[in-house]
Structures are given as C-alpha cells and as structure tokens.
Amino acid sequence: MSMLTNTLGRYFAGRFVVAALGVFASIFLLLVLVDYIEMVRKTSGLASASAIMVAETSLFRVPQLLEKLTPFCMLIGAMTCYLALSRRLELVVARAAGISAWQFISPALGSALLIGVVATVAYNPMSANLRELSKRMEAELFGSAPGGGIQDASGFWLNQVTSEGQVIINAARSEQQGIRLTGLTLFRFDTQYHFKERIEAREATLEDGRWVFRTVRRFSLDAPPVDQDRLEIPTTLTEAQVRNSFSTPETVSFWQLPSYIRSSESSGFATAGYRLQYHKLLAQPFLLAAMVMLAASVSLRFFRMGGVQKMVLSGVGAGFLLYVLSKVTEDLSKAELMHPIAAAWLPVVVGGLTGFLALLYQEDG
C-alpha cells in the first residue's frame, strides 16, 4: 500500500503540514508586528492616520515579504516535524515495522509539492494584489498634501522628451506598475533644455498619450505659485514602457508574467528579470520539496544517539547556503550572465541532490 494514501502516510503528511503552517503563521505574525511598529513610527505625525488603517496597510504588505521566506518555512517546519516524531519515538516504531526513511518522508515530499503549487498559482497572485492595495492605502496615508507628504529617499524617476521640451518626473510611490503615481515632483525644461518650472502634484494617471496630474501646484522663476485642480502633459510613453520603468518582477502575479514578458519583448526591453521570476515560480514546488529533503537528512537522527544540535545547525546552515546560491544566480541572471532557466532551477537541483545524497549515505551507505 502506498505511503501517500494509507493511514500512516496521511498521519505523517498531516504532522508535516501542521508544523509547516505553524512556522508560516508564526513568521507572519512576527513580520506583521515589526512592520506595524515601523508604520506607526512613520505615521506618528499624521492626524488622519488611524490605527486600523495603519494595521491594514501593514497586514497587506507582509504577504509579499513572507513569500520570499516560504522555502525556509518548509525547512524549519520539516525539521520541527521530524525532530518531534523522533523525540516521541514514533520514527523508531515506524522503522521497527519495516518502513524505511524513504517511505516516511514521501508524504512530506508530496505535501510540499502540493503546497508549492498552491503558493505559485494562488498565494502569489493574492500577495501581488494585496501589495497593490497596500500601496493605494499608503498613498491615502501619506499623500494628503501636494508633494505627497512623506516621500522615499529616492522614489521613482522617469524622463520623457516631447515636442514641448523635457520633463523629469519623480514619484514617491507607484501603483499598478507605474500607471498611477503619487507624491510627484516634476521639472520641466523647454526645447533648448532651459529650466521652465517645477510642479508638485498629489497624483498622476497615465492615459492615452498624456499624463493627467491632479491637485497641482506650479512654481516658476518669475511668478508666484499657482494651484490647479488638473494638469495634462502630453507623452509618447506607452503602458509597457512605464511598467518596465516602475514595476519589479516580484510585484507581478504569476498569471500576468507571460503577458509582461511578451510586451517587454515587443517594446525592446530586457526580459531577464521577468523570465527569472516566472521560472522561479514554476520551480517553487520542487524547491520546497528539496527543502524537505535537506530537513530530513539532518533531523532523522535519534535523540538518544546525541548530536542533534549539530545536525540542526547544519540544516540551517545548508538552507542559508542554498539561499546565498539562489541570490548569486538571480544576480547573474538579471545581469544576463546566466540563462533564467538555469538560474531558477540550479538551487533546486543542488538542494535536492544534497539532501538525497545525505539521506542515501545515512540510510543505505
């Protein structure tokens, strides 16, 4: 009878899922608390910022941060699960019944693959949508005045040249991958590149062939400031060009990535970042399974044999080294020094083979 479908297999799978979700929930609450404290510090001088709105903003920001830690949640969850089973001698009983290590880790591998599929096709789009919602709420919190209130140190920069001259746009925050901007400062120059005026606006929206700015204040060298409700500036920029300037691959959901890749290719922009993110999401289920293999290789030792602490530390160290490898391959891919497919799948192959060889040596060596 297959270990994936019998009673014992379901028991091991359930224990693993509970442990992994427990680690996931613990890290989620910790990140929410830290982010909420930071948001309270930033909004302490804003009378319009309510505690509920600040808490919602932090709550919507955290899922995307937690998505990057999902492999470590699987690693720690699997280690916690198998160490608990070993401490309670359940693994001893399973071995005495003739069940090998390969059999009682297969339910966890299957569960990790299933969790990875759900994380790719459901959790990733949800986290991307919540991040966009959090940006909109941040704009409401910080964008109550022209100039956008509290701005980031650098923000987002965009340069465009038209028949009327040059316009340099700085935005504190970006929504919808650059289609809507808040907290804006513009520097306008004439066709001879002489300074013309500075403009501050609360928000801007890209429409067909134009930027539409709202709640505008214009500053010029020979006139007092002028307030306007609306200002239109023509542009030759397209949505694809703006998205390439303002969006990051991590903020695009899994289902939208193929269209972003096609639009970037048709516009002549680099697509390495989007391709890497797409293949990383495709490889995510197998990366989680590789983390289970690593965790099993360092946590199946019996407590009575000692050395458990060293094995746990070695597992954490292996996970950290795998994270470093993934960052190195990611940077190489974004610099177009490595193919995105190789960069996305190399950590999976290295982690899976390391755990497999370690288990093979322990069980059959």
Inset, instruction - Check whether any side-chain N or O of Y123 sits under 3.5 Å from a backbone N or O of P63 as a donor-acceptor pair, and report yes or no. - result: yes
Note: A128 and Q64 closest approach over all heavy atoms is CA-NE2, 4.2 Å
**Trace of the side-chain contact (heavy atoms from CB on, under 4.5 Å) decision for W211 with L186** = CA-CA 12 Å; W211 283 104; L186 289 75; over 6 Å; no
query: Aromatic rings F187 and F195: how do their planes relate, parallel, tilted or perpendicular, breaks at 30° and 60°?
result: tilted
Legend entry - Heavy-atom check, side chain of L133 versus side chain of E56, under 4.5 Å: no
Contact between L31 and L69 at the side-chain level, heavy atoms closer than 4.5 Å - yes or no? yes
When clusters are formed by joining ILVMFWY residues with side-chain heavy atoms under 4.5 Å apart, either directly or through shared neighbours, do V349 and L75 land in the same one?
no
Checklist line | Pairwise side-chain contact, R188 with E197, heavy-atom cut-off 4.5 Å (strictly under) | finding: yes
With a 4.5 Å cut-off on side-chain heavy atoms, are V167 and T235 touching? no
Checklist entry - Are R41 and I37 side-chain neighbours, meaning at least one heavy-atom pair lies under 4.5 Å? => result no
- Should we count OH of Y323 as having more than 12 external heavy atoms under 6.0 Å? no
Mind checking whether F60 and N129 have side chains closer than 4.5 Å, heavy atoms only?
no
Does Y278 reach the side chain of L282, with side-chain heavy atoms less than 4.5 Å apart? yes
_Enclosure of D229 CG (heavy-atom neighbours >12, cutoff 6.0 Å)_ = no
Apply side chain to side chain donor-acceptor pair (under 3.5 Å) to S134 and R131, showing your working. CA-CA 5 Å; S134 72; R131 184 69 181 111; 2.8 Å; yes
| said: Any side-chain to backbone donor/acceptor pair from T120 onto G116? Under 3.5 Å, distance only. | reply: yes
(message) A quick test of your reading: do over 12 heavy atoms of other residues, nucleotides or ligands sit less than 6.0 Å from CZ of F286?
(response) no
Do I261 and R275 have side chains that get closer than 4.5 Å, going by heavy atoms? yes
